[in-house]
Each structure stands twice: as structure tokens, then as C-alpha cells.
**Student:** 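Below are the C-alpha cells for one structure; questions will follow.
Computed from heavy atoms alone, side chains included, the values below leave out hydrogens, waters and symmetry copies. Chain identifiers are assigned alphabetically (A, B, ...) following the order of the sequence lines, protein sequences preceding nucleic acid strands; residue numbering begins at 1 within each chain. This structure is a prediction, so every number in the text was calculated from the model and none was measured.
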Amino acid sequence: DAKTTQPNSMESNEEEPVHLPCNHSTISGTDYIHWYRQLPSQGPEYVIHGLTSNVNNRMASLAIAEDRKSSTLILHRATLRDAAVYYCILRVGSSNTGKLIFGQGTTLQVKP
Amino acid sequence: DSGVTQTPKHLITATGQRVTLRCSPRSGDLSVYWYQQSLDQGLQFLIQYYNGEERAKGNILERFSAQQFPDLHSELNLSSLELGDSALYFCASSVSIAEYTGELFFGEGSRLTVL
């Protein structure tokens, strides 16, 4: 599985946008980029995923670089509830399994 | 609420013992995944079942085994428990693989403490 690199931690102020970066320089053409987050004492939850084009949903936006070697998860207005560990994961598109391999993630702290 | 149910939520046992963790996937989901989360290892993929058959295997110890039953619920059996097996065990489910939507739904986990 291709590797992703994320900062260990980031801080944000409440109600401000947050940009969480992820580097994946060894990504292949069929790898999907997934983001999950894990709130304290909970299981991971899906945030967003994409392949080549930028994606938006009710939770966040995913901006994918043109060469696909990096991506950015954007939380438009951080709330205290967004404090969590955010995982950037690559999934092989041609795989016959939906398994996801989690890295260490970025711990996001949101200040009031 | 993800729709994935795990029991028990907490379990305390002694070294050398055997425990069984149970997972009920979301209604209609055919695929079940097991993950282990410890403080020093992070989230580790253990094993995946799809419609009753093993589909993928991760770093699962030989002392651990799993299965998925005809009603699609799954059980993770941990035997000859060691102190290092203390962890949170998560189950996740997804609709299928062929129609993979990109989303795994995780349960709230079973916290195992081995004394």
C-alpha cells in the first residue's frame, strides 16, 4: 500500500477554516484518496474521498493536486466538535478488498 | 450511530484466557473488517470477511481467529491472551466490494483489558 505523510498535529481557532495537508508522492493512477477522522473515545468515521477531481460534501472539501502527489482536507469553519485525529489513506482502486490501512494521522486541536 | 454494533463494550480478563468479541454489521452490509487500536501501534488492520469468506488478512496473530456467520455477524476470538493484547478492537462494515462507495462504517469498539 502506498504511503501517506501527514503532520503529527495542527491547531486551529474555532469558526476559522482548517487546511489539513497530506503527501502521497508514490500514489498510483488507480489509488483513491480517503479521509477519516476519529473523535475521542469513538470509532473512525468517514469524511470524504476522491480520485482526481476536487470533492465537496456536507462535512468537508477535498482538494487534490494536479499531479495527485498531495491533497488537502478543508474544514470550512472549524468547531470544537472537529477536534479529532484525521487520517489520510490511499486505497488501491483495483483491489478486491475494501480494507483501509491507517497511518498515524494528524491530531487537530480546535481552540475556542 | 453508525449502525454497526459491537459487544461487549468493555471486557477485563486475565492472561492466558480466551475471549470472543462480536460484531453485527449494518443491515445489508456484506463485508466486515476487524481492527486493533493500541496506544503504541495505532489502528492496525487485522482481517476482513466478505459474505462469509475471508477476503484479506493483515497483521493478525495466530492466537487470534475470526469468522463471519450466515447471518453476516462476525466474531473475533482471542486466545492465550497476553498483556500486550490490551487494546480497543473495532469492527467496521461496508456494503460490498464491487459497489464500493468509499465508506467503512465503524462500531464504537470493544475495549479489552488483560491483567
**Student:** So which of A:Gly105, A:Gly43, A:Gly103, A:Pro44 has the largest heavy-atom pair count under 4.5 angstrom toward chain B?
**Tutor:**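 Sorted descending by pairs with chain B, the first entry is A:Pro44.
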**Student:** Crowded around A:Gln109 CD? As in, over 12 foreign heavy atoms under 6.0 Å?
**Tutor:**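 Enclosed: over 12 neighbouring heavy atoms sit under 6.0 Å from CD of A:Gln109.
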**Student:** Assess whether side-chain contact (heavy atoms from CB on, under 4.5 Å) is satisfied between B:Tyr35 and A:Leu100, documenting all intermediate values.
**Tutor:** CA-CA 10 Å; B:Tyr35 286 82; A:Leu100 296 176; 3.7 Å; yes
**Student:** In terms of hydrophobic clusters joined by side-chain contacts under 4.5 Å, are B:Leu46 and B:Phe90 together?
**Tutor:**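 B:Leu46 does not cluster with B:Phe90.
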**Student:** Give me the atom names and distance for the closest heavy-atom approach of A:Tyr46 to B:Leu104.
**Tutor:** CB-O, 4.5 Å
**Student:** Does a sphere of radius 6.0 Å around CG in A:Asn8 hold more than 12 heavy atoms from other residues, nucleotides or ligands, not counting ones at 6.0 Å or beyond?
**Tutor:** no
**Student:** Membership question, hydrophobic clusters at under 4.5 Å side-chain separation (ILVMFWY): are A:Ile74 and A:Val85 in the same one?
**Tutor:**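 In one cluster with A:Val85: A:Ile74, no.
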**Student:** Closest approach of A:Tyr87 and B:Gln37, non-hydrogen atoms and distance?
**Tutor:**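 Answer, listing the atom of A:Tyr87 first, then B:Gln37: OH-NE2, 3.7 Å.
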